[in-house]
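Since the structure comes first, as structure tokens, the remarks are kept for the end.
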Amino acid sequence: QVTLVESGGGSVQAEGSLRLSCVAPGLDTWQYCWGWFRQVLGKSREFVARLERDGSVTYAGSVQGRFVLSRDSAQRIMPVQMMTLQMNSLKPEDTAAYYCAAAPRNGDSPACAWNIWGRGTRVNVSS
């Protein structure tokens, strides 16, 4: 069973930067979708970014150009995989709980039924 552990987060003023990390022991990046979501209290969890199988990244429009998602290693299988979400030019509307997420891939389908979640880490951006 894959486990996900987030770190980073905190409080920052608008236009500042923060970095989030997600550690996933034993995660096979070919077999699993892997990405970030965020949730504002009282609202639905929303997609932020995900790593694609070919190593590219898909971003939500609201963070495109400001957030950068990267993986610690290009190797498919590592004892411990880590990915980092570098968040720049933060806005108050980026304030949320951020969750690392994973899901077993369904063959070659690009769709991911996200069902594995970390505990989340808080990001607070003040104006």
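Values in this document were obtained by computation on a predicted structure and should not be read as measured data. Here, residue 1 is the first one in the sequence, and each next residue gets the next number.
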Linking I/L/V/M/F/W/Y whenever their side-chain heavy atoms sit closer than 4.5 Å, directly or via other members, would [X] and [Y] fall into one cluster?
{"X": "Val123", "Y": "Phe47", "answer": "no"}
{"X": "Tyr98", "Y": "Val5", "answer": "no"}
{"X": "Tyr59", "Y": "Val48", "answer": "yes"}
{"X": "Trp117", "Y": "Val2", "answer": "no"}

Nearest heavy-atom neighbours spanning [X] and [Y]:
{"X": "Ser56", "Y": "Asp54", "value": "OG-OD1, 2.6 Å"}
{"X": "Val40", "Y": "Ala96", "value": "CG2-CB, 4.0 Å"}
{"X": "Arg50", "Y": "Cys112", "value": "NH2-SG, 3.5 Å"}
{"X": "Asp108", "Y": "Arg53", "value": "OD1-NH1, 3.5 Å"}
{"X": "Ala24", "Y": "Leu4", "value": "CB-CD2, 3.7 Å"}
{"X": "Gly35", "Y": "Met83", "value": "O-CE, 3.3 Å"}

### Task
Is it possible for you to check whether Arg105 lies under 6.0 Å from the centre of the six-membered ring of Trp30, through NZ or CZ, and within 45° of that ring's axis?
no

### Message
Would Arg119 pass as a cation-pi partner of Tyr99, given that its NZ or CZ must be under 6.0 Å from the six-membered ring centre and within 45 degrees of the axis?
### Response
no

### Message
Less than 3.5 Å apart, any donor N or O on the side chain of Glu52 or Thr58 sitting next to an acceptor on the other?
### Response
yes

### Query
Just by distance, do the side chain of Gln39 and the backbone of Ala97 share a donor-acceptor pair under 3.5 Å?
no

### Task
Look at the side chain of Thr95 and the backbone N and O of Val125, then say whether any donor-acceptor pair between them is shorter than 3.5 Å.
yes

Would you indicate whether the side-chain heavy atoms of [Y] and [X] approach each other to under 4.5 Å?
{"X": "Leu51", "Y": "Val57", "value": "yes"}
{"X": "Asn115", "Y": "Pro104", "value": "yes"}
{"X": "Leu85", "Y": "Arg19", "value": "no"}
{"X": "Trp34", "Y": "Gln81", "value": "yes"}
{"X": "Leu90", "Y": "Phe67", "value": "yes"}
{"X": "Glu6", "Y": "Ser21", "value": "no"}
{"X": "Leu20", "Y": "Thr121", "value": "yes"}

### Query
Hey, what do you get for CE (Met87) to OG (Ser17), rounding to the nearest 0.5 Å?
8.5 Å

### Query
Going from CZ on Arg66 to NZ on Lys91, what distance comes out if it is rounded to the nearest 0.5 angstrom?
4.5 Å

### Query
Are Phe37 and Trp114 near enough that their ring centres are under 6.0 Å apart?
yes

### Message
Using the rule given for side chain to side chain contact (heavy atoms under 4.5 Å, CB included), can you reason through Arg38 versus Asp94, listing the C-alpha separation, both sets of side-chain angles and the distance that settles it, and then say yes or no?
### Response
CA-CA 9 Å; Arg38 66 186 182 187; Asp94 293 319; 2.9 Å; yes

### Message
Can you confirm whether more than 12 heavy atoms, excluding those of Gln13, are under 6.0 Å from its CD atom?
### Response
no

